[in-house]
Amino acid sequence: MATIGIFDSGCGGLSVYRELVKVLPKEQYHYYSDNAHCPYGEKSALYIQRRGRFITEFLLDKGADIIVVACNTATAAAIATLRAAYPDVPFVGMEPAVKPAALGTRSGVVGVLATAGTLKGSKYLNTRGLYEDEVIIAEHVGQGFVELVEAGKLDGPEVEATVRASLQPLLDAGADTIVLGCTHYPFLQPVIERLAGPSVRVIDPAPAVARQTLHVLEQRGVPIGKGPFSVKLCSSGDPAALQRIFALVAGGK
């Protein structure tokens, strides 16, 4: 049985946990929500790196065999530093899903919804650079998206208005494929898809991250599939948001 540590700035990384348990259903999970310091999007790289090291130590104390950085901003700001500081620990981060979007677009325009921190990060910028000569890549920060999810607001007039404000510029640019560049955003995916319309494809990178986690564990020879399954939640702040979203995930939503 593998022990899988997961962390995010808040409850958004549960969108990754949701996919992990589909491919690794009999493992032990420890999820850390750093919601006392959420959102990460506008914080400095140094600040996020310090939080990343603190949380890594916490998860290693819990016996983590692998740590999934289930946060695009933390991946961009801190995963290289974490890998250097803990060379024996496998880390899996979030990959910008620009490649499948670029390969699948019909209009030639790919929209990216992400935090400011992710859009400024070298990981995203390098990936964008590989495809921006082939397709037009339009970007927009999902203003208020993280706050909505942390508050448990996943639908309704306020949510629609907030999502529309950040989504519409991408649609106006002609995007027929939308990349979700923050792990909180998949919890708003039903609203995003409804507002975008059936001709627009929305890509959640979490399934690919789950498959990569399985691959790394197998490469490392970590015993998997032995069971029993367990999950433990930890929060640096008020646990209510984490528990609320986890209840939705555990219920299959």
Side-chain angles (χ1 to χ4, degrees), residues 8-9 12-16 18-19 39-42 70-77 93-150 153-212 253:
D8 178 37
S9 63
L14 289 174
S15 66
V16 179
R18 177 171 60 187
E19 299 301 325
Y40 279 174
E42 301 295 337
C71 175
N72 296 73
T73 303
T75 297
M94 301 304 299
E95 288 291 332
V98 173
K99 179 179 178 179
L103 294 175
T105 179
R106 302 175 307 280
S107 69
V109 182
V110 170
V112 179
L113 281 170
T115 67
T118 295
L119 293 176
K120 291 185 293 187
S122 60
K123 195 174 189 70
Y124 169 74
L125 293 173
N126 290 338
T127 303
R128 186 187 71 180
L130 296 174
Y131 299 98
E132 59 186 354
D133 289 339
E134 302 172 19
V135 299
I136 297 170
I137 300 176
E139 303 163 347
H140 207 283
V141 173
Q143 295 285 359
F145 286 23
V146 171
E147 291 82 355
L148 286 173
V149 175
E150 289 293 315
K153 299 178 180 179
L154 307 183
D155 208 343
E158 178 188 357
V159 175
E160 287 203 2
T162 301
V163 169
R164 184 179 286 107
S166 293
L167 177 62
Q168 195 61 50
L170 302 181
L171 299 178
D172 290 344
D176 68 347
T177 307
I178 304 293
V179 174
L180 302 182
C182 172
T183 56
H184 282 78
Y185 295 3
F187 290 111
L188 300 173
Q189 188 166 344
V191 177
I192 295 170
E193 290 179 335
R194 187 166 69 242
L195 294 176
S199 64
V200 176
R201 178 187 177 202
V202 180
I203 300 179
D204 173 9
V209 173
R211 292 191 296 270
Q212 176 65 10
K253 297 184 180 181

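- A distance of 5.5 Å separates CG in L171 from CD1 in I178, rounded to the nearest 0.5 Å.
- Counting all heavy atoms, side chain and backbone alike, E193 lies closest to V202 at CG-CG2, 3.6 Å.
- Annotation: the span from L188 atom CG to L167 atom CG amounts to 11.0 Å, rounded to 0.5 Å.
- No donor-acceptor pair under 3.5 Å is formed between the side chain of T105 and the backbone N or O of A101.
- The minimum heavy-atom distance between E95 and V209, with the atom names listed, is N-CG2, 4.4 Å.
- The two residues T115 and Y185 have their closest heavy-atom pair at N-OH, 3.7 Å.
- In this view, E132 and R128 satisfy the side-chain hydrogen bond (donor to acceptor under 3.5 Å, both in side chains) rule, not counting sequence neighbours.
- Heavy atoms only, all atoms of each residue included: Y131 and A102 are closest at CD2-CB, 3.9 Å.
- A distance-only check finds a donor-acceptor pair linking the side chain of S15 to the backbone of T183 [under 3.5 Å].
- For the atom pair OH of Y40 and CG of N72, the computed distance is 13.0 Å after rounding to the nearest 0.5 Å.
- Here the CG atom belonging to L130 is positioned 11.0 Å from the CG atom belonging to L125, to the nearest 0.5 angstrom.
- Minimum interatomic distance between A175 and G111 (heavy atoms only, all atoms of both residues): CB-N, 3.6 Å.
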* To do: Start with the C-alpha distance between L170 and V200, add both sets of side-chain angles, then the distance that settles side chain to side chain contact (heavy atoms under 4.5 Å, CB included), and finish with yes or no.
  => CA-CA 11 Å; L170 302 181; V200 176; over 6 Å; no
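- Annotation: the span from L113 atom CG to T118 atom OG1 amounts to 11.5 Å, rounded to 0.5 Å.
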Could you list the donor-acceptor pairs under 3.5 angstrom formed by side chains in residues 140-150, with sequence neighbours left out?
{"residue": "E150", "atom": "OE2", "partner": "C11", "partner atom": "N", "Å": "2.7"}
{"residue": "E150", "atom": "OE2", "partner": "H184", "partner atom": "NE2", "Å": "2.7"}

* **Stepwise side chain to side chain contact (heavy atoms under 4.5 Å, CB included) test for V163 and R194** => CA-CA 11 Å; V163 169; R194 187 166 69 242; over 6 Å; no
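- Here the straight-line distance linking atom CG of D8 with atom SG of C182 works out to 7.0 Å at 0.5 Å rounding.
- D204 and Q189 make their closest contact through CB-OE1, 3.8 Å (heavy atoms, listed as atom of the first residue, atom of the second, distance).
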